[in-house]
**Student:** 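My structure is below; once you've seen it, I'll send some questions.
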Amino acid sequence: MAVLERSELEASPIADLHAIADQLGLEDFRRLRKDELIDAILGGGEPRQDGAGEPLAGPAEHPEKGESDEHVSGGENGDAGAVEGRDRSEIGGTAAEGGGRPRRRRSSRSRRSTEPAKEETGAEDAPRAKADRSEIEGTTAEGNGRIAEGVVELLGNGSAFLRIAPPEPSDEDVYISAAQVRRCELISGDRVTGPVRTPRRSERYPSLVRIDTINGASADTVSDGGRYEDLAVAYPSERLALDSKEPTLEAIEWLAPLGRGSRAVIVGAARAGKTETLRRLLAAVAGRDDLELTLVLVGSRPEEIAQWQEGPVPPAAALSFAASADSQGQAVERAMDAAKRVAARGGHALVLIDSLDGLAPHAARKALVAARNLRDGGSLTVIATATRPLGGETTVIALDVALTSTGRQPILDLVNSGTLKPELLVGEDGAEAITKARAAAIEAAG
């Protein structure tokens, strides 16, 4: 996080300057002209209540006891605690209703004077302003030396929490200010590291002083590309090699091939072997440096969750069938948001979901449609299990419950399996071989 410079502030729109002044706690800043506002920001200005200017990286405190209850959530640490205490489905809805800042009574305790803020920004305030800006950089003695690492969860008011043990909240979670979210273009699912300061008076959570890394890369390397959904796409053209001698996986690789950016669903009746096939697929690609793997379990049996946790890639989220549809949808959405960021920055992400049956139909389709091969670099591949195809897949892997129940291999139902444009993945000869194999299977079934 850079020190505030006059040239940068002069180039900033007035709305951004208002946001900075708000975080610094400047009095009556909306009455100032732009040059006066910049002077006030650089010179310090009058802080709120406790006499210590708030850093951009940290939130302001709760309204004092006895003050007006007429307030709504405004992205501050205390207000974020109120949002956190509500049902998570309300985040982004009632948490942001009203859109205003907390209304406070004017009192002698909270106002040292009624003079305009610009009169507080003279030379005598320069040492205090310098201290405030040093605090913004996390260089004050207030920091406790702790470096936090976790997953970002955005709130409806623009601020966020760094979940230390996602997906569930914990007492160790760290508050991220709305200014930091905007500055670093954070999205839910980003993995972030940075130093933390302890809560101040009336603050409920520790706060992130600055953001050092985002998804393993320097925070300075923020993607300058367009929206993920607007990036040019193409059909998968690079085969996802499984290199397995297991009969079903070998059949999938050449008869229902997967590629980088595939939108694939493993379908079949109950006990057809969908989860086991997904587990073997994960084992086949685990350990590859060129793939960012994420496993999400939704609507799973507790025994299945225990088995997955013993595998090569621990689940990023594991929710049993007892979890609500909203909780399951949020877990998948966080994983997809993080994978989108990887793909947009030129990496290759693979998200495995067991299963889409645990999601609401819209959430399931939203997760599946996120998979794509980006024409100019990265890719996001989704391989999920489901009872039946959702529509829009590039690859359907159907399993034969009769073969599974009798222990015969491979268990691939070739008649109902297939890949769009397989010639892009296995060549013209390979695509012709798939056509002949399917014709033979249809003839045998008839």
Side-chain angles (χ1 to χ4, degrees), residues 233-285 304 350-359 361 364-365 367-369 371-373 379 381-446:
V233 301
Y235 278 102
S237 57
E238 183 178 350
R239 183 171 58 86
L240 188 62
L242 302 179
D243 298 326
S244 174
K245 296 301 181 183
E246 197 277 329
T248 298
L249 293 191
E250 194 170 19
I252 290 172
E253 182 168 8
W254 297 107
L255 299 177
L258 299 163
R260 294 186 188 271
S262 285
R263 200 174 297 117
V265 176
I266 302 172
V267 300
R271 299 179 182 82
K274 300 185 293 294
T275 295
E276 181 60 30
T277 300
L278 188 67
R279 186 180 292 112
R280 292 178 181 178
L281 272 169
L282 176 59
V285 298
E304 291 173 338
L350 170 57
V351 179
L352 301 101
I353 305 172
D354 188 26
S355 92
L356 295 179
D357 292 339
L359 302 177
R365 289 192 294 270
L368 196 59
V369 79
R372 60 196 62 189
N373 177 35
S379 67
T381 306
V382 173
I383 305 176
T385 62
T387 303
R388 60 183 62 85
L390 275 70
E393 298 89 348
T394 59
T395 297
V396 173
I397 300 170
L399 303 182
D400 190 326
V401 66
L403 295 175
T404 304
S405 63
T406 56
R408 289 177 286 174
Q409 293 285 343
I411 60 174
L412 183 69
D413 177 0
L414 185 54
V415 174
N416 294 301
S417 299
T419 296
L420 290 177
K421 297 188 178 296
E423 65 276 6
L424 297 177
L425 300 172
V426 296
E428 295 293 343
D429 291 343
E432 185 178 350
I434 292 174
T435 300
K436 290 179 179 179
R438 180 173 291 109
I442 293 173
E443 185 177 348

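Nothing fancy with the numbering, it's 1 onward along the sequence. Just so it is clear, the values below take in all heavy atoms, side chains as well, and ignore hydrogens, waters and symmetry mates. Here the structure is a predicted model, which is why all the values come from computation and not from measurement.
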**Student:** For the residue pair Asp413 and Asp400, what are the closest heavy atoms and their distance?
**Tutor:** CB-N, 4.1 Å
**Student:** Report the distance from atom OG1 of Thr419 to atom CG of Leu424, rounding to the nearest 0.5 Å.
**Tutor:** 11.0 Å
**Student:** Using a 4.5 Å cut-off on heavy atoms from C-beta on, say whether the side chain of Ile411 contacts that of Gln409.
**Tutor:** yes
**Student:** Does the side chain of Leu412 come within less than 4.5 Å of Ile397's, by heavy atoms?
**Tutor:** yes
**Student:** What's the spacing between Asn373 CG and Glu238 CD if we round to 0.5 Å?
**Tutor:** 8.5 Å
**Student:** Could you state the interatomic distance from CD1 (Ile266) to CG (Leu278), rounded to the nearest 0.5 Å?
**Tutor:** 5.0 Å
**Student:** If we ignore angles and hydrogens, is there a donor and acceptor under 3.5 Å between the side chains of Thr381 and Ser262?
**Tutor:** no
**Student:** May I ask you to test the Ser417-Leu255 pair for a side-chain heavy-atom distance under 4.5 Å?
**Tutor:** no
**Student:** Testing the basics here: between Val426 and Arg239, what is the closest heavy-atom pair and its distance to 0.1 Å?
**Tutor:** CG1-CD, 4.0 Å
**Student:** Could you check whether any side-chain heavy atom of Thr395 comes within less than 4.5 Å of a side-chain heavy atom of Pro236, counting everything from C-beta outward?
**Tutor:** no
**Student:** Which heavy atom of Ala364 sits nearest to which heavy atom of Leu390, and what is that distance?
**Tutor:** CB-CD2, 3.6 Å
**Student:** Donor-acceptor pair, distance only, cut-off 3.5 Å: does the side chain of Ser244 make one with the backbone of Glu250?
**Tutor:** no
**Student:** To check you understand the geometry: which heavy-atom pair defines the closest contact between Pro422 and Ile434, and what is its length?
**Tutor:** CB-CD1, 4.0 Å
**Student:** Does the Arg263 side chain pair with the main chain of Leu368, one donor and one acceptor, at a distance under 3.5 Å?
**Tutor:** yes
**Student:** Is a side-chain N or O of Glu393 found less than 3.5 angstrom from the main chain of Val265, in a donor-acceptor match?
**Tutor:** no
**Student:** Can you tell me how far OG1 of Thr275 sits from CD of Glu304, rounded to the nearest 0.5 angstrom?
**Tutor:** 4.5 Å
**Student:** Evaluate the criterion side-chain contact (heavy atoms from CB on, under 4.5 Å) for residue pair Arg271 and Thr404; output intermediate values, then yes/no.
**Tutor:** CA-CA 8 Å; Arg271 299 179 182 82; Thr404 304; over 6 Å; no
**Student:** If you take all heavy atoms of Val396 and Ala256, which pair is closest and at what distance?
**Tutor:** O-CB, 4.3 Å
**Student:** Leu242 and Ala284: which non-hydrogen atoms are nearest, and at how many Å?
**Tutor:** O-CB, 3.7 Å
**Student:** If you round to the nearest 0.5 Å, how far is NZ of Lys274 from CG of Leu356?
**Tutor:** 11.5 Å
**Student:** Starting at CG of Leu240, measure out to CG of Leu281 and round the result to the nearest 0.5 Å.
**Tutor:** 8.5 Å
